[in-house]
Q: 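Below is a structure I'd like to ask you about.
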Number of protein chains: 2
Amino acid sequence: MAGQRRSPTQVDVARRAGVSQATVSLVISGGALGNQVAESTRQAVLQAAAELGYTVNAVARSLKGGRNRMLGLYTFEPVFPVDQRDFYFPFLLGVEEATAAYGYDLLLFSSAGSGGDRRIYAGGVNRLKVADGCVLLGRHLHRDDLAELAKEDFPFVFVGRREVPGVELSYVAADYVGATSEMVAHLARLGHRRLAYLKVTDDREWTRDREAGFRQGLVAAGIPDDQVRVFAMDERAALSAVRLQDWLAAGITAVLVEPTDDDSAIVALENAAAEAGVRIPDDVSVAVLGDPPLSEATARDWTRFTLPREQMGREAVRILLELLNDNVSARQLYLDCTQVAGDSVTELPE
Amino acid sequence: MAGQRRSPTQVDVARRAGVSQATVSLVISGGALGNQVAESTRQAVLQAAAELGYTVNAVARSLKGGRNRMLGLYTFEPVFPVDQRDFYFPFLLGVEEATAAYGYDLLLFSSAGSGGDRRIYAGGVNRLKVADGCVLLGRHLHRDDLAELAKEDFPFVFVGRREVPGVELSYVAADYVGATSEMVAHLARLGHRRLAYLKVTDDREWTRDREAGFRQGLVAAGIPDDQVRVFAMDERAALSAVRLQDWLAAGITAVLVEPTDDDSAIVALENAAAEAGVRIPDDVSVAVLGDPPLSEATARDWTRFTLPREQMGREAVRILLELLNDNVSARQLYLDCTQVAGDSVTELPE
DNA sequence: CTGAAAGCGCTTACAG
DNA sequence: CTGAAAGCGCTTACAG
């Protein structure tokens, strides 16, 4: 078994077909140039290649700058570990589906390591280049990795809006601004005109976008700033029952919660409510600005919006191929979220 | 945009550090050889590399090494379409996990087409060879593709037992023989000594293995052949209510069902039982020989055994790397299934 | 301890 | 229409 026989190269094929290696290259992967080859020569080469079981070496081709019909998927967090699966899997599905539809293969850069902190340039090596281009995914990215990638002019598209100073990135993002603004409108229509906004302090694109949408929604609904409370939560400042009661005393009737990558913000709110003896939605309405994975405890039909995750994956691939084939510059795409009515928001009596 | 500036190479670093390119290679990735370099030289190189933002080009490195550090995953059926996800996803998880653990990347051959009938040798070329080796998956394989692959000496491992005449394949399989035999023993312990065996006619490895396990279990339990009914189901011969009643009249107390890739066999049995007014498990016990995806209708806690799917995926990768690195010949591995008590089998009163 | 050189398998101008 | 040649960025004997 296992002759460990090195696989045939174009030189081998050339020898067998009685032509030069360059000619073999031309017929195997010449594209337009391949048409210059005489039909008889082409047949001889193809036959020799088939007889030897020749396949082109993707690495050599990449090195030279050729294409491999391979798209990469790089994630800054491991996609497969149990707690992240539900969140990331739909993106993966979308990416895989579109990749297949366009006739490409999908390279999962799992070698980056299963540890939490993944780097594109781990050990000073950029693996990504074996692929023709790459879809990037994950919240805990490294901006300098992205800057470096962009500097190298390697085609990539991020799933989710990402800003890197001085670099114009391509991405496919959920329209958090619109979805949040729409949520405010929804609440306003139900009579809620005094709102609290519970956010995480982490100053990230999605945090800023939602807050911008919130402000925009306030303006559209004609709700003045003094009717609003904004509270930023972090490790040191959790939401207390006292604060929640303060809000209610001040006339707040609805809370908008920005979820992080888990349901901790929601849990915090529920705990505060339980402690304060406040019922949802009877005493206060709650709208969740997204659809994070929920643990057993928080599993209820929250009023929320969902991200078009599979579609985001698909569109990222589509844009990546545009970057690749049409030589266009960076592109940004926003996709609509879907509002889900849920049962954590109720109409306010006049 | 697009500085089009190519990223720095070892030549650039060498120039800046005033040494040769070979020396740069030695300190960047020399391994043991790297220790020969004088400390001052090494520092100069490292500094120059840092200043230029040099990163090793993994593609060039692989070319020289002959390996890609890429493992492939090829599936004869699409893995991602909705109806197959639950069944195939755990295999994928296992494969991905192990691939990552060993520091390889995983290439999903999605380009094969999303159609049902996938071929390895599409267009006469074996695309799989872009990877160092490949894990294969799927029930509806093409034996000649496998034979051809083996002939090419390309390293691959099948998930599931597969036989191809004249070829010794590597695979990681569930031990259907043991699991089925154990199920018979379980039934016998509960007093069932007259059994019916409902199988699909399709003459495949897993069908034969389960039947072998059944026979083996009968012998071990001392159940003679004349206490047993075997019925092979196909499109033309479904299980009828009449036949089921015949069985009960003949004293049969338990039925073993071989599921196909869906729950159709189970559905057939349930329908026959419903029509005949036979209750499960009160009137007849039912054991399912596997854990197929169940539709809503059949979702109950069947007495069954489950395949160690993730583990199968992991082990397939491990064996593939043995094939790759240790130059060993074909290997077969059987993994234990897990018996699940369920509620579709009941003890027989003395 | 360091450098010159060959070569991994390909693509792509450039001659003929 | 085809071939000779350069070069992609690296690693690794081999000299010195």
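Just so we're on the same page: letters track the sequence lines, and every chain starts at 1.
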Q: For the residue pair B/Gln43 and B/Gln47, confirm or rule out a side-chain donor-acceptor distance under 3.5 Å.
A: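 B/Gln47 and B/Gln43 do not have a side-chain donor-acceptor pair below 3.5 Å.
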
Q: Are there any protein N/O atoms within less than 3.5 Å of an N/O atom in nucleotides 2-4 of chain D, and if so, which ones and at what distance?
A:
from  : atom 1 : to      : atom 2 : distance (Å)
D/dT2 : OP1    : A/Thr41 : OG1    : 2.3
D/dT2 : OP2    : A/Ala38 : N      : 2.8
D/dT2 : OP2    : A/Thr41 : OG1    : 3.3
D/dG3 : OP2    : A/Ser20 : N      : 2.9
D/dG3 : OP2    : A/Ser20 : OG     : 3.2
D/dG3 : OP2    : A/Thr23 : OG1    : 2.7

Q: Fit a plane to each ring of A/Phe158 and A/Phe76, take the angle between them on a 0 to 90° scale, and name the class: parallel (under 30°), tilted (30 to 60°) or perpendicular (over 60°).
A: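 Aromatic pair A/Phe158/A/Phe76 classed parallel.
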
Q: Quick check: B/Phe89 with A/Phe89 (ring centres under 6.0 Å apart)?
A: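 Under 6.0 Å, so yes.
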
Q: Cation-pi between A/Arg139 and A/Trp206: NZ/CZ under 6.0 Å from ring centre and within 45° of the ring axis?
A: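 A/Arg139 over A/Trp206 ring: yes.
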
Q: Whole-Å distance between D/dT12 P and B/Gln10 CD?
A: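 Checked: the CD to P distance equals 11 Å.
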
Q: Does the distance from a Lys or Arg side-chain N to an Asp or Glu carboxylate O, for B/Arg143 and B/Glu205, drop under 4.0 Å?
A: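 Looking at B/Arg143 and B/Glu205, the cut-off is met.
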
Q: What closest approach, in Å, do A/Ala17 and A/Ala48 show between heavy atoms, and which atom pair accounts for it?
A: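 Smallest interatomic distance, heavy atoms only, reads CB-CB, 3.9 Å.
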
Q: Would you call A/Glu322-A/Arg331 a salt bridge at under 4.0 Å N-O?
A: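 A salt bridge is present here (some side-chain N lies under 4.0 Å from a carboxylate O).
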
Q: Taking only N and O in the side chain of A/Arg61, is any of them less than 4.0 Å away from OP1 or OP2 of C/dT11?
A: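 So the side-chain polar atoms of A/Arg61 do come within 4.0 Å of the phosphate oxygens OP1 or OP2 of C/dT11, strictly under.
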
Q: Name the stems with DNA chain C in them: runs of three or more consecutive Watson-Crick or G-U pairs, distances under 3.5 Å?
A: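 So far as stems of 3 or more pairs are concerned, DNA chain C shows C:1-3 with D:14-16, C:5-12 with D:5-12, C:14-16 with D:1-3.
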
Q: Does the plane of the ring in A/Tyr88 sit parallel, tilted or perpendicular to the ring in A/Phe91? Use 30° and 60° as the thresholds.
A: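 Geometry flag for A/Phe91 against A/Tyr88: tilted rings.
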
Q: When all nucleic acid strands are considered with a 4.0 Å heavy-atom cut-off, which category describes A/Val56: base, sugar-phosphate, or nothing?
A: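 Counting heavy atoms under 4.0 Å across all strands, the contact made by A/Val56 is with sugar-phosphate only.
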
